[in-house]
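So the structure is just underneath, and the comments pick up after that.
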Amino acid sequence: MALGVTACGGDSGDGDGKTIKLVAADYGDKASNASKVYWNEVKKEFEKANKGYKVDVQVINWNDIDKSVKNMIQAGDEPDLLQTGGYADKVADDLLYKADEVLSAETRDNLIPTFAKAGEVDGTEYGIPWVSSSRVMFYNKDVLKKAGVKTPPKTWDELAAAAKKIKAKKAADTPYALPLGPEETQGETLMWELGNGGGYTDESGKYTLDSAENVETFEWLKKNLVEPGLTYANPASTDRKTAFADFAAGKVGMLNGHPSLIQMAKDGKVDYGVAPIPGKTGPLDSTLGVADWMMAFKDGGAEKEAVKKFLDFTYSKKMLAFDEMYNLMPVTQDVLKQMQGNGKHKDLEPFFEVLPKAKFYPLGDTSWDVVSAEMKKTGGKAVSDDPKQVLGDLQKKAETAAAEAK
């Protein structure tokens with residue numbers, strides 16, 4: 001995704017309160033779709049419509065942005081706005097405005113409610129959703145046809161049965177791709193646990209990583225997919241990017257995926273289909289939702305009203321352009337309706353359907369970053385070792401992290 005650190009346009013902060021410094025992540029993979037192209041256009045249009053205001057934008061690749069922003073904060077040079085992957089640590093350090101301080105009521109009301117709520121810490125919204133993604137199951141139509149599987153599976157048992165047929169007919173190298181490697185262990189894990197009524201926290205927000213439902217989920221995966229050889233030999237060391245590449249190469253029968261896999265499959269000339277993710281007794285009603293975030297710093301150089309003016313402009317006029325530039329999912333209700341109705345996004349319709357009910361990681365918990373990192377290290381071992389012990393160890397670390405975060 002990253003092209004390196006790139007500054008684009010704008011004057012540096014001049015202390016007049018009307019120069020807005022924005023640091024943003026780069027979603028592009030080549031010069032023509034670098035995010036600076038988008039932000040240059042936003043800058044130009046905003047400055048034209050708001051005389052006297054200036055926007056200073058710095059676009060930084062995903063590998064470097066967290067470190068770069070940390071250095072800015074330590075140097076007392078916070079941006080006014082930051083668009084990146086997480087916000088809870090900034091809230092813990094009391095660096096951010098509340099969302100209602102920098103967004104008009106109209107803009108706030110236009111956010112998809114589940115995503116706005118995912119930006120809350122202790123009931124107060126600080127993280128402003130920027131783009132989103134939801135997950136569905138992808139399947140290779142030719143592989144299922146060759147294996148004699150007439151319809152995509154709706155339950156775990158149907159999925160295992162279909163995988164067995166794929167293996168028996170040698171229709172694909174990997175009947176079901178189960179990536180539990182360090183790239184995104186926490187994502188694949190949650191999708192499976194949701195299918196058994198499990199998850200990462202209870203209603204009060206306490207971690208439940210080793211709940212009976214979660215342990216049962218991994219016991220099923222180990223017994224029904226891993227041990228029979230219906231997935232990768234070592235899921236704990238297999239990353240999502242490997243699974244996606246294998247699917248795009250026609251080597252995988254089924255896997256869970258997000259919208260970026262669509263173009264990969266098309267480029268690989270894979271005749272694919274999508275369906276709701278199978279759960280233990282039926283398809284998931286609520287699938288995994290992921291979002292990236294915009295946040296506003298209290299100690300930036302711009303006046304609060306300037307930041308509010310820029311955010312309202314961007315969220316009301318320029319969100320569709322960004323979502324369509326990268327084939328990403330919207331976070332605002334008006335853009336969701338536009339993308340559903342303009343006929344250009346038929347391939348995203350299954351994702352649109354599950355978007356309003358998406359479930360999220362406990363993003364507002366300041367201990368989540370620590371817990372997520374621990375899951376990436378060892379969570380995948382729950383399908384090769386003793387699930388109860390692996391998840392129990394993670395639960396202890398999560399409880400310690402949560403206590404230290406208070």
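Remember, predicted model here, so these are calculated numbers, not experimental data.
- Around NZ of K98, the count of heavy atoms belonging to other residues, nucleotides or ligands within 6.0 Å does not exceed 12.
- Considering every non-hydrogen atom in both V270 and G250, the closest pair reads CG2-N, 4.0 Å.
- With 3.5 Å as the limit, one finds no donor-acceptor pair spanning the side chains of Y326 and S260.
- Below 30°, between 30° and 60°, or above 60°: for W62 and Y27 the angle between ring planes is above 60°, a perpendicular geometry.
- Classification of the H258-F244 ring pair by plane angle, with boundaries at 30° and 60°, yields perpendicular.
- When each of W293, F115, F322 is tested with W130 by the rule ring-ring contact (aromatic ring centres under 6.0 Å, His included), just one qualifies, namely F322.
- Under the 4.5 Å side-chain criterion, counting only non-hydrogen atoms from C-beta, M325 is in contact with V37.
- Put simply, the side chain of E78 never gets that close to the backbone of M72: no donor and acceptor are under 3.5 Å apart.
- Side chain to side chain, T124 and D122 fail the donor-acceptor criterion of an N or O pair below 3.5 Å.
- Between F352 and S134, the closest side-chain pair of non-hydrogen atoms is not below 4.5 Å.
- In this structure, N196 contributes its side chain and K280 its backbone to no donor-acceptor pair below 3.5 Å.
- Side-chain contact check for L144 versus I166: some heavy-atom pair is nearer than 4.5 Å.
- Not one N or O on the side chain of T155 forms a donor-acceptor pair closer than 3.5 Å with the backbone of T281.
- In this structure, the separation between CG on L311 and CD1 on I128 is 5.0 Å, given to the nearest 0.5 Å.
- Formation of a donor-acceptor pair under 3.5 Å by the E183 side chain with backbone atoms of R240 is found in this model.
- We find the OG1-CD distance between T238 and E188 to be 11.0 Å, quoted to the nearest 0.5 Å.
- No side-chain donor-acceptor contact under 3.5 Å links D93 to the backbone of L95.
- If you run ring-ring contact (aromatic ring centres under 6.0 Å, His included) between Y176 and each of W192, F138, F247, Y232, only W192 comes through.
- Shown here is K376, whose NZ atom has more than 12 heavy atoms of other residues, nucleotides or ligands within 6.0 Å.
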Run the salt bridge (charged side-chain N to carboxylate O under 4.0 Å, His left out) test on R108 and D100 for me, step by step, so that the C-alpha distance in whole Å, both residues' side-chain angles and the decisive distance to 0.1 Å come before the verdict.
CA-CA 7 Å; R108 294 201 314 275; D100 63 8; 5.5 Å; no
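- The shortest non-hydrogen separation linking V371 to A401 is CG2-CB, 4.2 Å.
- Side-chain contact between V252 and N140 is absent, with no heavy-atom pair separated by less than 4.5 Å.
- Side-chain contact between N33 and Y38 is absent, with no heavy atoms from C-beta onward closer than 4.5 Å.
- In the displayed structure, K251 atom NZ is contacted under 6.0 Å by at most 12 heavy atoms of other residues, nucleotides or ligands.
- For E158 (side chain) and K154 (main-chain N/O), a donor-acceptor pair under 3.5 Å exists by modelled atom type.
- When every heavy atom of T332 is checked against every heavy atom of I112, the shortest pair comes out as C-CG1, 4.0 Å.
- Open room surrounds CD on E106; 12 or fewer heavy atoms of other groups in view lie less than 6.0 Å from it.
- To the nearest 0.5 Å, the span separating CZ on F351 from CG on N327 amounts to 9.0 Å.
- Between P330 and V335 the shortest heavy-atom distance is CB-CG1, 3.7 Å.
- In this structure a side-chain-to-backbone donor-acceptor pair under 3.5 Å is present from T217 to E213.
- For D267, the CG atom counts as densely surrounded, since its 6.0 Å shell holds more than 12 non-hydrogen atoms of other residues, nucleotides or ligands.
- Here the options are D80, D56, D77, the test is salt bridge (Lys or Arg N to Asp or Glu O under 4.0 Å), and the partner is K21; only D77 passes.
- A side-chain donor from one of T107 and D312 sits under 3.5 Å from a side-chain acceptor of the other.
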Go through the steps to decide whether K396 and E399 satisfy the test salt bridge (charged side-chain N to carboxylate O under 4.0 Å, His left out), and finish with yes or no.
CA-CA 5 Å; K396 291 176 184 176; E399 291 173 353; over 6 Å; no
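- For the pair K18 and Y53, the cation-pi test (distance below 6.0 Å, angle within 45°) is passed.
- No side-chain donor from either of N214 and E219 sits under 3.5 Å from a side-chain acceptor of the other.
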Would E45 and N50 count as a side-chain hydrogen bond (donor to acceptor under 3.5 Å, both in side chains) if you check the C-alpha gap in whole Å, the side-chain angles of each, and the deciding distance to 0.1 Å?
CA-CA 9 Å; E45 292 186 18; N50 297 274; over 6 Å; no
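- Side chains of N71 and S68: a donor-acceptor N/O pair is absent below 3.5 angstrom, by distance only.
- Electrostatic pairing of K266 and D347 counts as a salt bridge here, judged by a charged N lying under 4.0 Å from a carboxylate O.
- Atom CG of L328 sits about 7.5 Å away from atom OG of S133, to the nearest 0.5 Å.
- Atom NZ of K388 has 12 or fewer neighbouring heavy atoms from other residues, nucleotides or ligands inside a 6.0 Å radius.
- Between F46 and F313, the ring-plane angle classifies as perpendicular under the 30° and 60° cut-offs.
- Side-chain N or O atoms of Y200 include one that pairs as donor or acceptor with a backbone N or O of Q186 at under 3.5 Å.
- No salt bridge links D26 with K36; every basic N to acidic carboxylate O contact stays at or beyond 4.0 Å.
- Side-chain atoms of E324 and L320, non-hydrogen and from C-beta on, do get closer than 4.5 Å to each other.
- Side-chain atoms of K90 and F297, non-hydrogen and from C-beta on, do get closer than 4.5 Å to each other.
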Under the salt bridge (charged side-chain N to carboxylate O under 4.0 Å, His left out) rule, what do E305 and K309 come out as? Steps first, then yes or no, please.
CA-CA 6 Å; E305 286 306 309; K309 187 182 290 287; over 6 Å; no
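- Atom-to-atom distance recorded for L391:CG and K381:NZ is 13.0 Å, nearest 0.5 angstrom.
- Rounding to the nearest 0.5 Å places NZ of K298 at 8.0 Å from CG of L96.
- When atom types are taken as modelled, the side chain of N110 and the backbone of D334 share a donor-acceptor pair closer than 3.5 angstrom.
- Distance alone, capped at 3.5 Å, places no donor-acceptor pair between the T185 side chain and the G379 backbone.
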